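Within every chain, numbering begins at 1; the chains are lettered A, B, ... in the order of the sequence lines, protein sequences first and strands thereafter. This is a predicted model, so every value here is computed, not measured.
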Amino acid sequence: MSMLELKYDIPGDDFTRAGEASGDVKQKLKKLGYNPAAIRRVAIAMYEGEINVVIHGGGGEAIVDVDPDKVVILLIDHGPGIADVEKAMQEGWSTAPDNVRSLGFGAGMGLPNMKKYSDEMEIDSVVGKGTKLRMVVYAQSPKA
Amino acid sequence: MKVHDIIEVLDAEILVEGDLDQELKTACGSDMMSDVLAFVKDQSVLLTGLLNPQVVRTAEMMDMHCIVFVRGKRPEQLVLNLAQQRDITVLATPYRMFTACGKLYKAGLEGGTAI
Ligand SMILES: Nc1ncnc2c1ncn2[C@@H]1O[C@H](COP(=O)(O)OP(=O)(O)OP(=O)(O)O)[C@@H](O)[C@H]1O
Ligand SMILES: [Mg+2]
């Protein structure tokens with residue numbers, strides 16, 4: 001049984017709003033009294049994913065399931081997809097254009113960060129169709 | 001070091017006033033938010049020349065207490081409002097990034113990572 005299920009639309013055309021969903025999840029987990037170290041890992045991992053949905057995926061949605069022992073984050077977009085996931089996972093690899101870089105993103109660190117802060121991560125991406133990303137963060141994790 | 005010490009060391013102006021007695025452990029200076037997000041080590045201060053709302057979001061996700069805009073830059077009101085909602089102190093210093101970081105380091109604030 002999940003304690004809480006949260007759903008968010010992530011608008012693709014408004015960079016200033018990117019991070020609203022992750023910020024809201026963070027607030028809600030705090031109110032639930034969730035483990036602070038786990039909250040921070042959820043927030044950072046989801047925020048990186050949310051930014052990717054905005055700058056690479058053209059917008060999408062987030063579904064977050066909160067259990068007492070874990071948080072499951074699902075990010076879905078219908079953007080261009082990722083042709084080579086293995087490459088995309090490498091630190092420093094990015095296709096972000098210069099305008100994204102001037103906004104402070106495009107270092108090619110997002111996916112590696114997400115891998116680092118989550119306990120489980122799966123990417124299901126089809127070129128021309130979109131990307132589904134699932135992350136699990138445990139309330140009590142050896143990574144914390 | 002506390003927030004009010006930073007204000008003194010950096011001749012900073014307060015744009016959003018949070019808890020000025022908040023104890024600060026370490027700091028981080030960058031214009032790349034994903035680089036900031038890569039190293040969580042209880043960093044409490046973010047120095048940056050970037051002015052968009054994602055600076056506040058990044059600080060929020062990392063539980064940081066203070067943002068310092070370098071080189072006299074000032075963000076839009078929207079960005080300041082976001083910081084206010086999250087109880088994050090926002091400062092503006094006339095110094096450039098290198099000098100601002102150097103002054104804080106010399107005053108005893110460290111980077112928090114081994115390398
Ligand atoms: N949702 C997505 N849809 C399409 N491509 C994506 C998506 N997420 C990531 N990618 C691709 O994978 C690359 C690496 O992503 P990653 O998040 O690691 O770095 P970045 O977003 O380019 O930069 P940073 O995250 O450091 O700001 C991206 O440049 C992009 O090509
Ligand atoms: Mg990214």
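- Here the side chains of A/M109 and B/M33 are not in contact, with every heavy-atom distance at 4.5 Å or above.
- When heavy atoms are compared at a cutoff of 4.5 Å, A/E20 approaches chain B by way of both its backbone and its side chain.
- With rounding to the nearest 0.5 angstrom, the CZ atom of A/F105 is 10.5 Å from the CG atom of B/D35.
- Residues B/A38 and A/Y117 share a closest heavy-atom pair of O-OH, 3.1 Å.
- Interface residue A/Y47: only side-chain heavy atoms are found under 4.5 Å from chain B.
- Taking each heavy atom of A/G110 and B/S34 in turn, the nearest pair found is N-OG, 4.1 Å.
- Under the 4.5 Å side-chain contact rule for hydrophobic residues, B/V70 and B/V3 share a cluster.
- Counting heavy atoms of neighbouring residues, nucleotides and ligands inside a 6.0 Å radius, atom CG of A/D98 does not exceed 12 of them.
- If you measure heavy-atom distances from B/T58 to chain A, the contacts under 4.5 Å come from both the backbone and the side chain.
- When the side chains of ILVMFWY residues are joined at heavy-atom separations under 4.5 Å, either directly or via intervening members, A/V64 and A/I39 end up in a single hydrophobic cluster.
- More than 12 heavy atoms of other residues, nucleotides or ligands sit less than 6.0 Å from atom CD of B/Q85.
- The number of heavy atoms from other shown groups lying within 6.0 Å of CZ (A/R101) is above 12.
- Around the CD atom of A/E61, the shell of radius 6.0 Å holds more than 12 heavy atoms that belong to other residues, nucleotides or ligands.
- Both the backbone and the side chain of A/F15 come within contact range of chain B, each with at least one heavy atom under 4.5 Å from a heavy atom of that chain.
- Between B/M61 and A/G23 the shortest heavy-atom distance is CE-N, 3.5 Å.
- The shortest heavy-atom contact between A/L103 and B/L50 is O-CD2, 3.2 Å.
- One hydrophobic cluster holds both B/L109 and B/M97 under the rule that ILVMFWY side chains link at heavy-atom gaps under 4.5 Å.
- Environment of CD in A/E5: crowded, with over 12 heavy atoms of neighbouring residues, nucleotides or ligands closer than 6.0 Å.
- Across B/D31, B/V55, B/L37, the residue that shares the most heavy-atom pairs under 4.5 angstrom with chain A is B/L37.
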List the steps and the verdict of side chain to side chain contact (heavy atoms under 4.5 Å, CB included) for B/D63 and A/K26. CA-CA 10 Å; B/D63 302 313; A/K26 179 160 192 168; 2.5 Å; yes

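- Interface residue A/I51: only side-chain heavy atoms are found under 4.5 Å from chain B.
- Within a 6.0 Å radius of NZ in B/K73, more than 12 heavy atoms belonging to other residues, nucleotides or ligands are found.
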